[in-house]
Enquirer: 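Next up is a structure, given as structure tokens.
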Amino acid sequence: MTDTSATFPAFGGTATVAVTDPLALGCAEQAVRHTVDEFDLACSRFRADSEISVLNAAGGVAVQVSAVMLGAVGAALRAAALTDGDVDPTIGGALIALGYDRDFDALPPVVQTDEPAGRVSVTATAGWRRVEVDPRRHMVRLPRGVRLDLGATAKALAADTAAARAYEACGSGVLVGFSGDLALAGAPPAGGWI
């Protein structure tokens with residue numbers, strides 16, 4: 001860490017905040033931490049109190065969501081449309097069936113063994129086109145039994161949002177990274193971000 005960058009744990013990995021003006025680092029880090037907290041509360045399927053957990057448990061009933069969650073669902077559906085479904089946020093149930101049902105920090109250590117891996121069966125997901133969104137009323141409805149996972153897109157959206165907020169709040173050029181998802185706002189330092 002230098003006087004122009006800071007790191008802290010976020011989204012099961014590491015957040016990096018770098019600024020062009022050392023006097024703006026505290027301000028930028030605070031804006032990024034606030035954004036991380038908002039996205040975690042909205043989009044983490046590993047928190048029982050998150051909006052996505054409430055939505056996933058709604059059993060086909062429409063749920064009113066925050067602007068952060070609405071944006072995250074919108075970004076996920078846009079990615080699904082742009083990739084013709086290759087990126088599909090309705091795979092949450094499949095990920096849980098494969099054992100990805102908790103944060104990496106809560107997983108037991110991996111033990112090497114000569115035992116064959118367990119069997120996995122493949123099933124179809126409901127498909128992203130069946131997710132209903134009413135942006136005017138901030139309502140989202142999933143088909144009964146469908147569970148969203150926004151991991152493919154929410155962290156990137158959070159990085160974009162955090163960089164924009166940090167720049168707006170502090171006026172310094174800023175780089176935000178969340179374990180590989182990077183976003184920039186404002187002018188870069190002389191020589192670029194290194």
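The first residue of the sequence shown is numbered 1, and numbering continues consecutively from there.
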Enquirer: Strictly below 4.0 Å, N to O, side chains only: are Asp149 and Lys155 in salt-bridge contact?
Expert: no
Enquirer: Hey, what do you get for CH2 (Trp128) to CG (Leu77), rounding to the nearest 0.5 Å?
Expert: 7.5 Å
Enquirer: May I ask whether Val63 and Val73 are part of the same hydrophobic cluster, defined by side-chain heavy atoms of I, L, V, M, F, W, Y residues being less than 4.5 angstrom apart, directly or through others?
Expert: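 Yes, one cluster joins them.
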Enquirer: Is it true that a side-chain atom of Thr4 and a backbone atom of Pro22 form a donor plus acceptor pair closer than 3.5 Å?
Expert: no
Enquirer: Any side-chain heavy atom of Leu148 sitting closer than 4.5 Å to one from Thr90?
Expert: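 Counting from C-beta outward, Leu148 and Thr90 do come under 4.5 Å.
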Enquirer: So which heavy atom on Val68 is nearest to which on Ala42, and how close?
Expert: CG1-CB, 3.8 Å
Enquirer: If you group Ile, Leu, Val, Met, Phe, Trp and Tyr by side-chain heavy-atom gaps below 4.5 Å, do Val65 and Val61 land in one group?
Expert: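 Different clusters.
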Enquirer: Run the side chain to side chain contact (heavy atoms under 4.5 Å, CB included) test on Leu25 and Asp3 for me, step by step, so that the C-alpha distance in whole Å, both residues' side-chain angles and the decisive distance to 0.1 Å come before the verdict.
Expert: CA-CA 8 Å; Leu25 181 58; Asp3 59 347; 5.8 Å; no
Enquirer: Tell me the closest heavy-atom pair linking Ser66 and Glu51, and the distance in Å.
Expert: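 The answer is OG-OE2, 2.6 Å.
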Enquirer: Suppose the criterion is disulfide (SG to SG under 2.5 Å): which pairs have a residue in residues 35-81, not counting sequence neighbours?
Expert: none
Enquirer: Report the distance from atom CD of Glu29 to atom OG1 of Thr16, rounding to the nearest 0.5 Å.
Expert: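 Answer rounded to 0.5 Å: 10.5 Å.
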Enquirer: Is there a chain of hydrophobic side chains (I, L, V, M, F, W, Y, each step under 4.5 Å between heavy atoms) that links Ile52 to Val54?
Expert: yes
Enquirer: Are Val133 and Leu150 in one and the same hydrophobic cluster, where Ile, Leu, Val, Met, Phe, Trp and Tyr link if side-chain heavy atoms are under 4.5 Å apart?
Expert: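 Per the 4.5 Å side-chain linkage, Val133 and Leu150 are co-clustered.
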Enquirer: How far does OG of Ser44 sit from CZ of Phe39, to the nearest 0.5 angstrom?
Expert: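 Going from the OG atom of Ser44 to the CZ atom of Phe39 covers 13.0 Å.
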Enquirer: How far does CG of Leu70 sit from CZ of Arg136, to the nearest 0.5 angstrom?
Expert: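 Answer rounded to 0.5 Å: 12.5 Å.
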Enquirer: When you measure from the side chain of Thr153 to the backbone N and O of Ala75, does any donor-acceptor pair fall under 3.5 Å?
Expert: no
Enquirer: Show me the pairs that pass ring pair (Phe, Tyr, Trp, His ring centres under 6.0 Å) and involve residues 151-178, at least two apart or across chains.
Expert: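 Listed once each, the pairs are Phe11-Phe178.
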Enquirer: Say whether Ser179 and Thr14, considering side chains only, have a donor N or O and an acceptor N or O under 3.5 Å apart.
Expert: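 Not at all, the side chains of Ser179 and Thr14 share no donor-acceptor pair under 3.5 Å.
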Enquirer: Could you tell me whether a side-chain N or O of Thr35 sits under 3.5 Å from a main-chain N or O of Thr161, the two making a donor and an acceptor?
Expert: no
Enquirer: At their closest point, which heavy atom of Val131 faces which heavy atom of Val140, and how far apart are they?
Expert: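 Between these two residues, the closest heavy atoms are CG1-CG1, 4.1 Å.
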Enquirer: I'd like to know if Leu142 and Met139 are part of one continuous hydrophobic network [Ile/Leu/Val/Met/Phe/Trp/Tyr, side-chain heavy atoms within less than 4.5 Å].
Expert: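 Hydrophobic grouping puts Met139 apart from Leu142.
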Enquirer: Report, as yes or no, whether the 6.0 Å neighbourhood of atom CD on Glu38 holds more than 12 heavy atoms from other residues, nucleotides or ligands.
Expert: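 Count over threshold, so yes.
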Enquirer: Does anything in residues 58-88 pair up under disulfide (SG to SG under 2.5 Å), and if so which pairs, sequence neighbours excluded?
Expert: none
Enquirer: Which atom names give the shortest non-hydrogen contact between Ala163 and Val174, and what distance separates them?
Expert: O-CG1, 3.3 Å
Enquirer: Would you say Arg147 and Arg45 make side-chain contact, with heavy atoms under 4.5 Å?
Expert: no
Enquirer: More than 12 non-hydrogen atoms from neighbouring residues, nucleotides or ligands closer than 6.0 Å to CZ on Arg78, yes or no?
Expert: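 It does not: Arg78 CZ has 12 such atoms or fewer within range.
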Enquirer: Find out whether Leu182 and Trp193 are in side-chain contact, i.e. whether some heavy atom of one side chain is under 4.5 Å from a heavy atom of the other.
Expert: no
Enquirer: Is the shortest side-chain heavy-atom distance between Leu184 and Leu175 below 4.5 Å?
Expert: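 In short, these two side chains touch, coming nearer than 4.5 Å.
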Enquirer: What's the shortest heavy-atom distance between Ala187 and Thr20, and which atoms?
Expert: O-CG2, 3.4 Å
Enquirer: Give the minimum heavy-atom separation between Asp40 and Ser50, together with the two atoms involved.
Expert: O-CB, 4.2 Å
